[in-house]
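Report on one structure; see the data block that follows.
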Amino acid sequence: MNDEITLLNCDKEPIHIPGRIQSHGFIVISSPDTLRVDQISENVVSFLGEEYSSYLGKELGIILSNQTITSIKNFIAKQDFSLFNPQKITIKTKEQEKTFNLICSLSNNILILEFEPFIENEQSTDSYFYYSFNTALTKIQATKNLDELFEVTAEQVKQLIDYDRVMIYRFDKDWHGEVVGEARNENIEPFFGLHYPHTDIPAQARELYLRNWIRLITDVNSPQPLIHPTLNPNTNKPVDLSDTILRATSPIHIEYLKNMGVVGTLTISIIFKGKLWGLFACHNYSPKFISYNLRITCELIGKVFSNHLDYKQADHDNKYRDLIKSNNASIIEKMSEKWNIVDGLIKSTTNILNLNEASGAALYYDEEVYLLGQTPSNDQIKVIAEYLNKTSENLIVTNELSTIVPEAINFKDKASGLMAVKISENEYVMWFKPEVIQTVNWGGKPDEKNIVVEDNKVRLSPRKSFEKWSQVVENKSTEWKDSEIEVAEQLRENIINIVLKNSTQLKKLNKELKYQRDALASKNDELLNFAYIASHDLKEPLRMIISYNQLLLKKYKDQLDEGAIDFIQYSVDGGNRMKVLIESLLQYAKIGYDSNDFTDVNINEVVGNCLANLSFAIKEKDVKIEIDNMPTIKGDKILLILLFQNLVGNAIKYGSKNSPKIKISFKELKEEYCFCISDNGIGIEEKEFENIFAMFKRLHSKSEFEGTGIGLATCKKIVEYHKGNIWVESDPGKGSQFYFTIKKDLDE
Ligand code: ADP
């Protein structure tokens, strides 16, 4: 009792080396070299009238004619008996001649000869074989869809072999089976639609079904004769009977069939794309033998069925596959057009929701979650991504998300099914399907294999109950289709390509940008240098022009007439204006270049400095100035003084002639300070509001108002340097309000 007994234990039963056969025929095992009887089944006596022992060690000639032996030798040389089988032979016994179908095979260089009684009837003729196969083929070909294919093929097989029940049994991915087609006698209950657990057909049985297309059990109640001796004298091992038709049935399977009330079975494998797709499971409630020819016909029908399965399934899937592939192509085109993943995947009319039957989809990209349709919340999507990050898989497909992400049980109505493709860590495209509560009808309770203690031994006995048992399946969505998975994989590849190209593109752009920035910086430096050189080099000759002209006036005033004096005075004035212009230009060019870091600047001090610099004009024009209590802000003090000075200077210059008033006020906003310098002067027409901030733009002649047209351009540059805006509001004739903002956080 050391072995642990589990349901899967019957997976270990060595069903290919049972040491016994079924009793409807007898078996002889020989060596291809000696062609002697090395082993023989004990039931030979019931066919040939002699005990098995009388054959052991004898040449095959004791049973077979020389002609048959010669033929066998030929086929041994070819290592293939497919053109030999079955060989109709007659064996003379003491009483009579008996006809058999001889079927030969080679197993690990051991020759196996199976003898099945030949039944002479209509069904054994070639014309019957041809006719029945042709009829079945025509009917199968005429079916229009899968359901019809299942129904018609089951019916054709039933007509051919005349069993009580013929089922088409389809395996799912976990090897549970479902009856998808059935033809049966009317007096027996239907099994159509019932499910059977994977333990009903264990792995090694499935392996044999993949190897041999046909399995016949003629009578579960008849004894299963032994092969003598049990071990092959040449190998000292039991002979592998995998490829034989007479191979005995496993006791567990016999018990299973008996529990079901079934006496004879014929099983035909349905192999689709190299995999065991399902079986024709044929049940008879009394013993039944099926001749070799008929079995071959069934095998052919199985193959035709598999082909049609491919074709019908493909036809059904192809339309859908074509549709989602073309949607995928249009999404990829959109993405590549703009090099923009989000726009392509989410924002177009054809988007990721058109790539499968999901009810919701999400794109988690660049730390943003974008949702479409019925989906979990943003936070829940992030939780899913955390779990997905732990796997190395690039494609995750499940119809029971809670098995991967336990929290998903809370949003199973939105996401019991998940298909996700990974773009990179924390970047996914996800599709969701809601829970679909299903009732699965089982042909008996699936876990009903029992542990039985018999003769002090523990063994498994198969389940006894085949009563319909309904199971409610929760937390699961419908399955994802192969074509949907294929398209998701394609989409992932394309996204990755675009991401990669984007990053190369970005690198290129960055490089270009850096190049342009460097070029601009050097241009600016050049300009600045130019401004310095101009100011420095021009200032000196200019100073000379002005001072020599002034000297001229001073020294030779008496010798000059009035006209000459005026001319010289004009030159001095012009020279002085030029000096102002050059200095203003220099000031403008320097903004942002040789400025210091931003520091805390008390604007009360700034305004104080500015008014001190303008004190002469203020006094002269008797300007009334009202000032709010100003804040301390981050900024460049020198530039801010220049800013206020320009604006207040203009307010004085363009202010009222009679009783000039200036107000300097401010307002603290959420992200910035807003200052205002208002006057009650000449004002500005609305059409000039923008223009006055341009370099050299003046609205008045020099004779009306002195000026360079650089002041407001300088103000604009200073404000922009402090990440703010400057604008004007005005009522011509009544006054102007110049507003500017300074950003609180200048590091942003
Ligand atoms: P300027 O050296 O001519 O003052 P600015 O750049 O400072 O140069 O101003 C440009 C023009 O904007 C000025 O010529 C003037 O016409 C107009 N302007 C500036 N400030 C005011 C103001 N407070 N009131 C009316 N007009 C103004």
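As the structure is a prediction and not an experimental result, all values here were calculated from the model. As the structure lists them, so they are numbered: ligands from 1, and atoms in each ligand from 1.
A salt bridge is absent between Glu706 and Lys653: the closest approach of a Lys/Arg side-chain nitrogen to an acidic carboxylate oxygen does not fall below 4.0 angstrom.
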Considering only N or O atoms, set out every pair between ligand 1 and the protein closer than 3.5 Å, with distances to one decimal place.
residue  : atom   : partner : partner atom : Å
ligand 1 : 2 (O)  : Thr708  : N            : 2.9
ligand 1 : 2 (O)  : Gly709  : N            : 3.0
ligand 1 : 3 (O)  : Tyr654  : OH           : 3.1
ligand 1 : 3 (O)  : Arg698  : NE           : 2.5
ligand 1 : 3 (O)  : Arg698  : NH2          : 3.1
ligand 1 : 4 (O)  : Asn650  : OD1          : 3.3
ligand 1 : 4 (O)  : Lys653  : NZ           : 3.0
ligand 1 : 4 (O)  : Tyr654  : OH           : 2.8
ligand 1 : 6 (O)  : Gly711  : N            : 3.3
ligand 1 : 6 (O)  : Leu712  : N            : 2.7
ligand 1 : 7 (O)  : Asn650  : OD1          : 3.4
ligand 1 : 7 (O)  : Asn650  : ND2          : 2.8
ligand 1 : 7 (O)  : Leu712  : N            : 3.4
ligand 1 : 8 (O)  : Gly709  : N            : 3.4
ligand 1 : 14 (O) : Tyr654  : OH           : 3.2
ligand 1 : 14 (O) : Leu699  : N            : 3.4
ligand 1 : 16 (O) : Leu699  : N            : 3.4
ligand 1 : 16 (O) : His700  : NE2          : 3.4
ligand 1 : 20 (N) : Asn650  : ND2          : 3.3
ligand 1 : 23 (N) : Asp679  : OD2          : 2.9
ligand 1 : 24 (N) : Ser736  : OG           : 3.4

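Lys744 forms a cation-pi arrangement with Tyr673, by the criterion of a distance under 6.0 Å to the ring centre and an angle within 45° of the ring axis.
Residues that satisfy the salt bridge (charged side-chain N to carboxylate O under 4.0 Å, His left out) test with Lys557, not counting sequence neighbours, are absent from this structure.
The list of side-chain hydrogen bond (donor to acceptor under 3.5 Å, both in side chains) pairs with a residue in residues 354-373, not counting sequence neighbours, reads Glu357-Lys481. Here side-chain hydrogen bond (donor to acceptor under 3.5 Å, both in side chains) pairs that include residues 396-406, with residues two or more places apart or in two chains, are Asn399-Glu479.
Summarising the local packing, CZ of Phe567 is surrounded by 12 or fewer heavy atoms from other residues, nucleotides or ligands at distances under 6.0 Å.
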